[in-house]
Amino acid sequence: MLRIRLFEERASRLIAQSKLPGVLHNSIGQEAETVGACMALRDDDYMTGNHRSHGHPIGKGVALGPLMAELFGKKTGVCRGKGGSMHLAAFSAGSLGESGIVGSLMPVAVGAGLSARLRGTDQVCLCFFGDGAANCGPFHESLNLAAIWKLPVIFLCENNRYALYTPQAQTTAIEHVAHRAKAYDIPGIVVDGQDVQVVYNTVSSAVARARSGLGPTLIEAKTYRYCEHYEAGGPHQPPNYRSDSEIAEWRARDPIEIFSTRLLRQGQLTQVDVDAIRMEVEGEIDEAVAFAENSAVPEPHALFEDLFV
Ligand SMILES: Cc1ncc(C[n+]2csc(CCOP(=O)(O)OP(=O)(O)O)c2C)c(N)n1
Ligand SMILES: [Mg+2]
């Protein structure tokens, strides 16, 4: 969780200094649902993300240097600098990709589940998507197909209450996305997305169910993004769409604080350990940034590589 938090805080500073191209969709505040879900997977399981997906490959165990280099557009990036922030993929870690087209990776996750079935493995695919994506066509098509074929897919809705600047209540007839599971005759579970252990336990059960051939589960993690919908190098004034008190309320339930306080209380960690972990991760981020900054940009001819046609 700290790797994601500090990676994104650093990326945020870098883009404010115009050191990164494009835009960033950070997930600060949402780390528990990402990590709790990813930790329930094996290394050879698959994962798909969306536009807000720096944390997903980090949760899946992808090294920070090549991820940071991808944000810089460098040739040592996970996609050789051609994808950037919204297209991180690392097949070696089962991270099948991310996309700025909302909902578009959901059918890919179903395809990964079908692939595992056809190859006779017990791999599963974890599919991250937002509350906004839950109102797109691919959501319904993906859940239906996965349900009738009992495919090993775990659909993880990261409900951060907003799609861009629109609150969920203005776009969605029901309060809990997970209740839509009933329409596909699969389990639907609402969890506290700020508690990494609750997410881990719930996703672990869904993974076990999927591995044993019983099919998909829809899990909805209630969470919140502290940051803006996106961050960019230039001036950017988002509309006034949420109150300071709402943000403060969610910050008071910070996922990293909740977990570290619990471990301190249980005597599993001391404050010295907590501080040491933070220092260690800060060092990892420094290294990742140095790796990215010292890497070369792709040569012009790289434009013509990795093309199907
Ligand atoms: C198909 C499609 N429609 C609209 C957009 C514009 N858009 C970009 S992000 C976004 C909101 C997505 O909200 P959600 O799925 O809840 O994810 P979050 O940003 O909250 O993590 C929208 C509508 C898009 N990129 N793709
Ligand atoms: Mg959302």
Side-chain angles (χ1 to χ4, degrees), residues 1 4-5 7-8 11-12 15 22-38 47-59 71 83-88 95 97-110 126-143 154-180 190-194 199 218-232 236 238-243 246-247 249-251 253 255:
M1 288 195 283
I4 299 172
R5 173 78 48 104
F7 182 95
E8 292 198 327
S12 190
I15 204 160
V23 299
L24 293 180
H25 298 79
N26 282 330
S27 63
I28 295 170
Q30 300 185 197
E31 297 89 347
E33 44 90 357
T34 296
V35 171
C38 286
M47 186 216 79
T48 61
N50 61 358
H51 53 286
R52 196 176 304 289
S53 272
H54 307 141
H56 300 145
I58 295 175
L71 264 50
S85 160
M86 274 192 280
H87 301 96
L88 304 177
S95 160
E98 306 166 348
S99 162
I101 310 301
V102 172
S104 65
L105 266 294
M106 299 191 72
V108 174
V110 176
L126 172 63
C127 173
F128 287 105
F129 61 98
D131 48 291
N135 289 330
C136 293
F139 168 90
H140 300 284
E141 296 175 40
S142 302
L143 266 78
I154 296 89
F155 294 98
L156 199 291
C157 179
E158 307 177 287
N159 187 347
N160 59 11
R161 305 169 67 95
Y162 293 90
L164 275 162
Y165 310 116
T166 311
Q168 190 205 357
Q170 282 179 29
T171 60
T172 310
I174 51 169
E175 185 185 352
H176 304 297
V177 172
H179 288 184
R180 289 191 178 157
V190 178
V191 291
D192 176 3
Q194 304 309 88
V199 177
L218 172 60
I219 299 167
E220 177 184 9
K222 303 288 190 186
T223 186
Y224 201 75
R225 65 168 156 76
Y226 300 162
C227 44
E228 272 316 319
H229 172 72
Y230 77 90
E231 289 157 56
H236 162 54
N240 191 12
Y241 64 101
R242 52 184 191 172
S243 64
E246 181 183 287
I247 299 172
E249 250 171 60
W250 280 89
R251 277 188 181 273
R253 295 207 66 245

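Remember, predicted model here, so these are calculated numbers, not experimental data. Worth knowing before you read on, the calculation uses all heavy atoms, side chains too, and leaves out hydrogens, waters and symmetry mates. Order of listing sets the numbers, starting from 1, for every ligand and every atom in it.
When every heavy atom of C127 is checked against every heavy atom of F129, the shortest pair comes out as O-CD2, 3.6 Å. In terms of heavy atoms, G103 sits closest to P138 at O-CB, 3.3 Å. When all heavy atoms are compared, the tightest approach of A11 to L24 is O-CD1, 3.4 Å.
At the shortest separation from atom 5 (C) of ligand 1 among protein heavy atoms lies V102 CG2, 4.0 Å. Among protein heavy atoms, atom 21 (O) of ligand 1 sits closest to R52 NE, 2.8 Å. When hydrogens are left out, the protein atom nearest atom 25 (N) of ligand 1 is G100 O, 2.7 Å; that is the closest non-hydrogen contact.
The main-chain N or O of M1 is never found under 3.5 Å from a side-chain atom of E31 such that the two would form a donor-acceptor pair. At least one donor-acceptor pair closer than 3.5 Å links the side chain of Q194 to the backbone N or O of G29. In this structure a side-chain-to-backbone donor-acceptor pair under 3.5 Å is present from E8 to S27. Remark: side-chain polar atoms of E33 are not paired, donor with acceptor, to backbone N or O of E158 under 3.5 angstrom.
Contact annotation for Y162 and ligand 1: only backbone heavy atoms (N, CA, C, O) come within less than 4.0 Å of the ligand. Using a 4.0 Å cut-off between heavy atoms, H229 contacts ligand 1 through its side chain alone, with no backbone atom that close. Of the heavy atoms in H51, only side-chain atoms (C-beta onward) come closer than 4.0 Å to ligand 1.
Against a heavy-atom cut-off of under 4.0 Å, G130 is close to the following atoms of ligand 1: 14 (P), 15 (O), 16 (O), 17 (O). Interface of N160 with ligand 1, defined as ligand atoms under 4.0 Å from a residue heavy atom, comprises 18 (P), 20 (O), 21 (O).
Taking only nitrogen or oxygen atoms, main chain and side chain alike, G132 reaches within less than 3.5 Å of ligand 1. Considering backbone and side-chain atoms together, L164 places no N or O closer than 3.5 Å to any N or O of ligand 1. For a threshold of 3.5 Å applied to N or O pairs, the pair formed by D131 and ligand 1 contains at least one separation below that value. Inclusion of A133 in the set of residues having an N or O under 3.5 Å from an N or O of ligand 1 is warranted.
Per residue D131, closest N, O or S atom to the Mg ion (ligand 2): atom name OD1.
Side chains of S12 and E231: a donor-acceptor N/O pair is present below 3.5 angstrom, by distance only. For the residue pair T171 and T166, no side-chain donor N or O sits within less than 3.5 Å of a side-chain acceptor on the partner. No side-chain donor-acceptor contact under 3.5 Å links S85 and H25.
Here the angle centred on the Mg ion (ligand 2), running from O of Y162 over to OD1 of N160, is 90°, rounded to 10°.
Using a 4.0 Å cutoff on heavy atoms, G103 does not count as a contact of ligand 1.
Backbone or side-chain N, O or S atoms of Q168 do not reach the Mg ion (ligand 2) at under 2.8 Å.
The line from CG of N160 to CZ of R52 is 6.0 Å long, rounded to the nearest 0.5 Å.
Distance check for atom 12 (C) of ligand 1: a protein heavy atom is found below 4.0 Å.
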